[in-house]
Amino acid sequence: MNHPELQAEVARRRTFAIISHPDAGKTTLTEKLLLYGGAIRLAGSVKARKTARHATSDWMEIEKQRGISVTSSAMQFDYNGYRINILDTPGHQDFSEDTYRTLVAADSAVMLIDNAKGVEEQTVKLFKVCRLRSIPIFTFINKMDRTGRDPFELMEDIESVLGIRSCPVNWPIGIHGDFKGLYHRDTRLIELYSGGDHGQDQVQVETISIDDPACPSKIGQSYYDKLIEDIELLDVAGDEFDLEKILSGQLTPMFFGSATNNFGVEPFLNRFLTYTKSPTPRVAEEVGAIDPADDRFTGFIFKIQANMNPAHRDRLAFMRVCSGVFEKGMTVWHSSTNSRIKLAQPQTFMAQEHETVETAYPGDIIGLFDPGIFRLGDTICTGAPVRYSGIPLFAPEFFSRVSPEDSMKRKQFLKGVNQLSQEGAIQTFKRPNIGREEMIAGVVGVLQMDVLEYRLKSEYGVNITRETLPFRFVRWVVETPKPLDRLRLTSTTAIAEDRVGRPVLMFENEWSIRLACENNEGLVLAETADRMNADEME
Ligand code: G4P
């Protein structure tokens, strides 16, 4: 049963993540979006938060001081009647498997690209995760106020590196440090910018139609001629704007602008909000797709944040509401304990402060106090039990052989490592043929190794030794034409198994992965795997 009020709340929600390489301008763009949402004070604090993070290299100290870190997880603001949830995808030294998991909770993504650099490494990784889910990806080419690459070249870059076609929705006038404005292909209007110079002010815009006879003199004849030429080329050779393709993640609409100067941010935001959809149905194992406006409440846990302060063992579980209305204090069914629980202390996030939530709707993100019962991918719901498909395991990229310094502490060591891998802080692997028992920890972000060491010491009293291994890729073996030890692999490739005994191959470089596939017909490898617990394997 659907309620009109619930339907209206769903319709006005947009939940997305900004994906980019560090320094492309994600913090700046987030600030500006919040600024347009009228949350000026909040915008300042986003930057302050980042500066604080950069100012000290002792991450453990920061985590200890702030206790459970909720600040960088989700931000909510209102704009033009929309309720917007921005999911933060930590970059820099915070980059970890959590960054990937967060994308599972987003309905769409904004891909932010530095116009001088084009598509960079971290963007590629995050893009791939969005692609797996076929979510719409909106491209914003940033730093147009600076000298950068030719816009046509950037379109080519996106296609060749990411394998997705792009369709410019607007087009820059004046590049190479002389950015004058934008031409909007949908309205045939040109916006000329002035003001907004690195400040918090909204930009001053003068609008003129490209068909206005005064246009050439207004923007300058040579800029006008170049614009006409570019547009003709786009019309003839470019992809047509196709909303269906955009929404199924096959085509990325492309926007240009400069976040620091506020150029092009608002036209982008307006179109992004119009084109993207409100939260869409998610598929549950038992009943298929559940409509967000269905009046039964459902949600899933996509991130668990452990408290780094040993005095506070509590954790925070991040839940995305998928359907119905969430109400404070409600009793829900919880999938991994298969029991009914009461949700105490729900929190929402507004930069530094976190407030208690009374109600939340599909698309909203809530932090739940976790006494240690939640697992990644858990479903919670009212009514008959349903389960959303889980959060996958993403291939780690850094590997270390870990062991307890004191062999008498092996039991605590194994307990801690198991607990932390179940929590999703690390993944573990073993090479069965290595001749001695070993434990390999695999992580997506290097800092997770420090977290492992720190937490084993503070929570389990175990000091560990770490030996970095040369592998950079792991792939789960989905199908193999013959036993793994008879495959033709490069000498540096290792055969191993994951925590629940599934076969994997570990590679030092992409070239070895390619060779493994080329030399062994029928070998199927995967970059992600289902999250499973040992008990589920039996
Ligand atoms: P990130 O979160 O993606 O890592 O990037 P962030 O916003 O911190 O931006 C990285 C740098 O790029 C910052 O410069 C920021 O000012 C600059 N930047 C962001 N957007 C634009 C833009 O549209 N044009 C230009 N020219 N620069 C931009 P910084 O020197 O590191 O910091 P700051 O001293 O400017 O704050």
Side-chain angles (χ1 to χ4, degrees), residues 16-36 39-40 42-57 59 71-75 86-96 98-99 102-103 109-127 137-149 151 154 170-182 191 193-205 254-269 351 445 447:
F16 66 95
I18 303 178
I19 60 172
S20 65
H21 194 80
D23 286 332
K26 182 160 65 82
T27 313
T28 315
L29 181 68
T30 308
E31 262 182 39
K32 302 302 167 175
L33 294 179
L34 296 176
L35 169 72
Y36 282 108
I40 295 156
L42 187 61
S45 63
V46 177
K47 189 76 186 179
R49 198 176 77 205
K50 182 171 168 173
T51 315
R53 206 163 61 202
H54 275 264
T56 166
S57 57
W59 178 82
T71 52
S72 57
S73 296
M75 280 159 280
I86 303 186
L87 288 155
D88 193 30
T89 48
H92 290 277
Q93 64 267 57
D94 286 355
F95 191 72
S96 71
D98 265 346
T99 312
T102 296
L103 293 175
V110 172
M111 180 165 74
L112 187 68
I113 290 175
D114 182 327
N115 77 336
K117 304 218 171 115
V119 178
E120 295 176 87
E121 188 197 343
Q122 199 160 297
T123 315
V124 178
K125 291 180 187 173
L126 296 167
F127 174 87
I137 299 163
F138 286 65
T139 302
F140 187 91
I141 306 286
N142 192 28
K143 307 198 185 180
M144 289 307 294
D145 57 305
R146 278 203 201 153
T147 302
R149 288 159 71 174
L154 288 163
N170 55 31
W171 196 251
I173 302 169
I175 52 171
H176 301 313
D178 191 22
F179 183 47
K180 294 237 177 291
L182 287 173
E191 285 186 336
Y193 299 124
S194 59
D197 187 23
H198 276 251
Q200 299 266 304
D201 299 333
Q202 298 190 15
V203 70
Q204 284 147 33
V205 183
M254 195 169 177
F255 299 79
F256 295 84
S258 164
T260 32
N261 296 293
N262 268 331
F263 292 161
V265 176
E266 204 176 15
F268 162 73
L269 180 60
L447 200 70

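Positions are given from 1 along the sequence. All values below come from the heavy atoms of this structure, side chains included, with hydrogens, waters and symmetry mates left out. Remember, it's 1-based here, ligands and their atoms both numbered in the order they're listed.
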- For atom 11 (C) of ligand 1, the option (of Glu31, Lys143, Gln122, Lys26) bearing the nearest heavy atom: Lys143

- Filtering Asn262, Thr28, Thr260, Asn142 for the heavy atom nearest atom 6 (P) of ligand 1 leaves Thr28

- How does Asp23 reach ligand 1, by side chain, by backbone, by both or by neither, if only non-hydrogen atoms under 4.0 Å count? both

- Task: Could you see which bit of Pro22 sits under 4.0 Å from ligand 1, with heavy atoms only: side chain, backbone, both or neither?
- Result: backbone

- Task: Enumerate the atoms of ligand 1 whose separation from the nearest heavy atom of Gly25 is less than 4.0 angstrom.
- Result: 1 (P), 3 (O), 5 (O), 6 (P), 7 (O), 9 (O), 19 (C)

- Numbering the atoms of ligand 1 from 1, which are under 4.0 Å from a heavy atom of Ser258? 22 (C), 23 (O), 24 (N)

- Query: Does the distance from a Lys or Arg side-chain N to an Asp or Glu carboxylate O, for Lys143 and Asp145, drop under 4.0 Å?
  - Reply: no

- Between Lys117 and Asp23, is there a side-chain N and carboxylate O pair less than 4.0 Å apart? no

- Query: Heavy atoms, side chains only, cut-off 4.5 Å: are Thr102 and Asp88 in contact?
  - Reply: no

- Message: Please tell me whether Phe263 and Tyr193 form a close aromatic pair, meaning their ring centres lie under 6.0 Å apart.
- Response: yes

- Task: Please work out whether the ring planes of Phe268 and Phe138 are parallel, tilted or perpendicular, with thresholds of 30° and 60°.
- Result: perpendicular

